[in-house]
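See structure below.
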Amino acid sequence: MPQQLILPAIVMSLAFVLYTAGVWSERVQRDLKGWHVVLFWLGIVCDGTATYLMRLLVMMGEDPGVIHGVTGLAAFLLMLLHALWATWVFLRGRPEAREGFHRYSVAVWIVWLVPYLGGMVAGIARGAGG
């Protein structure tokens with residue numbers, strides 16, 4: 001992996017850990033709790049930070065590819081909508097909404113995995129190529 005990708009990769013992996021912990025613990029508990037919402041937002045902060053760091057690399061001439069850019073943006077926006085919705089459900093939603101929220105969290109998580117895994121594979125391939 002190129003040296004300049006190490007920090008963004010670490011921060012994006014932290015986003016993965018936080019978001020995954022939030023989604024799956026909420027799924028297992030079958031009830032949206034405040035700490036799940038906090039994990040969603042922390043995941044977004046890490047994702048946004050890593051994306052910003054990678055954007056700096058693009059400005060220096062690195063090319064992530066159109067597909068990675070589009071899927072990454074779509075996943076980030078979906079994750080943001082998910083966190084906003086989770087916040088609303090937690091603060092104002094009916095108990096039924098809180099209990100049923102987990103059905104959608106996993107779908108958003110799977111969509112988010114596409115650019116995460118794609119970026120990981122691309123970074124590894126770049127490192128192997130020199």
Side-chain angles (χ1 to χ4, degrees):
M1 174 180 295
Q3 185 78 17
Q4 64 270 26
L5 284 178
I6 292 175
L7 181 59
I10 290 170
V11 176
M12 190 60 80
S13 293
L14 183 56
F16 169 75
V17 168
L18 292 166
Y19 199 63
T20 299
V23 167
W24 287 101
S25 61
E26 183 250 339
R27 170 105 178 151
V28 168
Q29 293 180 0
R30 298 200 182 277
D31 186 22
L32 180 64
K33 310 252 189 223
W35 65 275
H36 298 133
V37 176
V38 170
L39 288 176
F40 297 154
W41 283 107
L42 289 173
I44 287 174
V45 168
C46 288
D47 187 308
T49 301
T51 301
Y52 172 75
L53 292 170
M54 289 179 211
R55 178 74 183 134
L56 295 176
L57 296 176
V58 169
M59 291 168 46
M60 293 176 9
E62 295 288 329
D63 181 19
V66 173
I67 292 173
H68 184 69
V70 169
T71 59
L73 177 62
F76 182 81
L77 292 174
L78 194 56
M79 196 166 123
L80 179 61
L81 288 172
H82 179 249
L84 288 168
W85 183 28
T87 302
W88 183 85
V89 167
F90 180 73
L91 295 175
R92 306 224 187 263
R94 296 185 319 258
E96 302 85 36
R98 285 177 59 174
E99 292 169 10
F101 182 81
H102 65 273
R103 293 184 195 124
Y104 306 101
S105 295
V106 174
V108 172
W109 179 79
I110 289 170
V111 170
W112 187 83
L113 279 180
V114 171
Y116 175 75
L117 294 174
M120 184 188 315
V121 168
I124 292 169
R126 275 192 129 138

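Below, all heavy atoms of this structure are taken into account, side chains as well, without hydrogens, waters or symmetry copies.
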**Message:** Aromatic contact between W112 and F76, with the criterion being ring centroids under 6.0 Å apart: yes or no?
**Reply:** no
**Request:** For W41 and T87, test the side chains for any donor-to-acceptor distance below 3.5 angstrom and give the result as yes or no.
**Result:** yes
**Asked** Any side-chain heavy atom of H82 sitting closer than 4.5 Å to one from F101?
**Response** yes
**Request:** Decide whether V38 and V89 are clustered together by the hydrophobic rule: side chain heavy atoms of Ile, Leu, Val, Met, Phe, Trp, Tyr closer than 4.5 Å, transitively.
**Result:** no
**Pairs touching residues 19-33 that satisfy salt bridge (Lys or Arg N to Asp or Glu O under 4.0 Å), sequence neighbours left out** = D31-K33, D31-R98
**Request:** Write down the atom of T20, the atom of W109, and the distance for their closest heavy-atom approach.
**Result:** OG1-NE1, 2.8 Å
**Message:** Ignoring hydrogens, what is the shortest heavy-atom contact between A15 and C46? Give both atom names and the distance.
**Reply:** CB-CB, 3.6 Å
**Prompt:** Same cluster or not: are I110 and F16 linked, directly or through other Ile, Leu, Val, Met, Phe, Trp or Tyr residues, by side-chain heavy atoms under 4.5 angstrom apart?
**Reply:** yes
**Message:** So, taking the atom named CG in L73 and the one named CG in L78, what distance separates them when rounded to the nearest 0.5 Å?
**Reply:** 11.0 Å
**Complete:** So side chain to side chain donor-acceptor pair (under 3.5 Å) across residues 6-17, not counting sequence neighbours, yields S13-Y116
**Within one Ile-Leu-Val-Met-Phe-Trp-Tyr cluster: W88 and L91, side-chain cutoff 4.5 Å** = yes
**Request:** State, to 0.1 Å, how close P8 and L53 come at their nearest heavy-atom pair, and which atoms those are.
**Result:** CG-CB, 3.8 Å
**Message:** Starting from V23, can I reach V28 by hopping between I/L/V/M/F/W/Y residues whose side chains sit under 4.5 Å apart?
**Reply:** no
**Prompt:** Got a second to check how far L7's CG is from M54's CE, nearest 0.5 Å?
**Reply:** 9.0 Å
**Request:** Decide yes or no for Y19 and I44: does some side-chain heavy atom of the first lie under 4.5 Å from some side-chain heavy atom of the second?
**Result:** no
**Linked, directly or transitively: L113 and L80 (ILVMFWY side chains, under 4.5 Å)** = yes
**Request:** With the side chain counted from C-beta on, respond yes when L39 and W35 share a heavy-atom pair under 4.5 Å apart, and no when they do not.
**Result:** yes
**Message:** Quick one, H102 and L32 - any side-chain contact, counting heavy atoms below 4.5 Å?
**Reply:** no
**Complete:** Correct closest heavy-atom pair for S25 and H36 would be OG-CD2, 3.1 Å
**Prompt:** So do the side chains of L18 and F40 get within less than 4.5 Å of each other, counting heavy atoms only?
**Reply:** no
